[in-house]
Structures are given as C-alpha cells and as structure tokens.
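Working notes, structure below.
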Amino acid sequence: MIHPEHNQREFFRIPPPGLLCTIPMTESAPSFPVLDISIAGLALVLPKSKHSTLEVGATYHDCNFVVPEFGEINVTMLVRNVLEMNEGTSLRHFRAGFSYVDVKPQTQARLMRYIAYLERLMHKQQIAAE
C-alpha cells in the first residue's frame with residue numbers, strides 16, 4: 001500500500017487525446033480538458049477563472065466524459081488538489097486532481113478498457129515514430 005504522504009500514484013495515468021470532462025459545479029456545467037486519467041481518478045486543466053470555485057475535499061456528482069469508442073461515462077468525483085501550472089506564460093492555468101467515489105463495477109470495467117485502449121494507441125504511436 002502506498003501512503004499519501006509519499007506523494008506517489010498508485011495507478012498509472014495516461015493522457016487522453018481531446019477528452020473533456022463536464023462537472024456540474026454551476027447551472028452551466030462547464031467542460032474542462034482532461035490532462036490525464038487512470039482507473040482511480042483524473043486531472044483537469046482549469047482556467048484561472050474557474051480554479052477558485054473548486055475546494056479540496058468537495059464532491060461533485062454526475063460528472064461525465066464522452067469517449068467515442070466507449071460512450072458516456074458518469075462518475076462522482078472528489079477534489080484531491082488544485083495546483084497552479086507554470087507554463088512560462090502570462091496565462092495562468094490550474095491542474096485539479098480528482099479521485100472517483102463509489103464507482104460501479106461496470107463503470108470501472110469501462111474505465112479499465114478505455115485506459116487499456118489508450119495504452120495500445122500510445123504504444124502504436126511510439127512504434128510508428130521509431
């Protein structure tokens with residue numbers, strides 16, 4: 001078991017191309033780019049205007065993302081951290097890390113299949129680049 005104080009991830013995270021996650025944090029339910037994803041959680045890129053609306057420890061129900069190959073995935077997410085991303089530009093963005101809460105077995109299976117699909121895709125791209 002990995003202890004939180006070691007600041008290590010228990011699950012492999014992979015960047016999904018073009019994936020957006022919708023969080024019902026306001027009536028408009030904004031969508032944000034997914035920075036990386038695992039079977040345990042994901043990280044989103046937030047603009048400066050939205051990062052302050054997330055509180056570490058807050059739970060958001062009915063979050064979803066649509067994966068063309070796997071359909072819509074709905075999850076409840078817990079905010080784990082919100083960190084400023086230093087990109088060397090005047091634009092400020094934030095990385096918000098989330099963990100999934102009470103994931104149904106069928107949803108977890110779909111997440112695992114999607115992650116495996118991304119790993120195969122990444123492997124094919126690496127082979128093609130060599």
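In this text the structure is predicted, and so the values were computed from the model without any measurement. Hydrogens, waters and symmetry mates play no part in the numbers below; they use all other heavy atoms, side chains included.
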Rounded to the nearest 0.5 Å, how far apart are [atom1] of [X] and [atom2] of [Y]?
X	Y	atom1	atom2	value
Phe65	Ile73	CZ	CD1	4.5 Å
Glu72	Asn64	CD	CG	4.0 Å
Lys104	Leu111	NZ	CG	13.0 Å
Ile115	Arg110	CD1	CZ	13.0 Å
Arg13	Leu42	CZ	CG	7.0 Å

*Step by step, would you call Ile14 with Asp36 a side chain to side chain contact (heavy atoms under 4.5 Å, CB included)?*
CA-CA 5 Å; Ile14 189 166; Asp36 60 42; over 6 Å; no
Please examine the side chains of [Y] and [X], heavy atoms only from C-beta on, and report whether any two atoms are closer than 4.5 Å.
X	Y	value
Leu20	Val34	no
Thr22	Cys63	no
Leu19	Val67	yes
Phe98	Val75	no
Leu44	Phe94	no
Leu118	Pro17	yes

*Step through the shown structure and confirm whether more than 12 heavy atoms of other residues, nucleotides or ligands are within 6.0 Å of CG on Asp62.*
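Counting other residues, nucleotides and ligands, CG of Asp62 stays at 12 neighbours or fewer.
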*Indicate the atoms forming the closest heavy-atom contact of Tyr100 with Gly41, along with that distance.*
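Residues Tyr100 and Gly41, closest heavy atoms: CE1-N, 3.2 Å.
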*Identify the heavy atoms of Cys21 and Met77 that sit nearest to each other, and give their distance.*
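Here Cys21 and Met77 meet closest at SG-CE, 3.9 Å.
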What residues, two or more places apart in sequence or in another chain, satisfy side chain to side chain donor-acceptor pair (under 3.5 Å) together with [X]?
X	value
Thr107	none
Arg80	Ser99
Gln108	none

_Side-chain heavy atoms nearer than 4.5 Å, only ILVMFWY residues, links allowed to pass through others: does that put Val66 and Leu35 together?_
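No.
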With [X], which residues qualify under side chain to side chain contact (heavy atoms under 4.5 Å, CB included), at least two apart?
X	value
Val101	Thr76, Leu78
Asn81	Leu83, Arg95
Gln126	Met122, His123

*asked:* Among residues at least two apart in sequence or on other chains, which ones pass ring pair (Phe, Tyr, Trp, His ring centres under 6.0 Å) with Phe70?
replied: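 Testing Phe70 for ring pair (Phe, Tyr, Trp, His ring centres under 6.0 Å), a comparison that skips the adjacent residues, returns Tyr114, Tyr117.
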*List in chain and number order the residues that pass salt bridge (Lys or Arg N to Asp or Glu O under 4.0 Å) with Glu119, two or more places apart in sequence or in another chain; answer none if no residue qualifies.*
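Here no residue qualifies.
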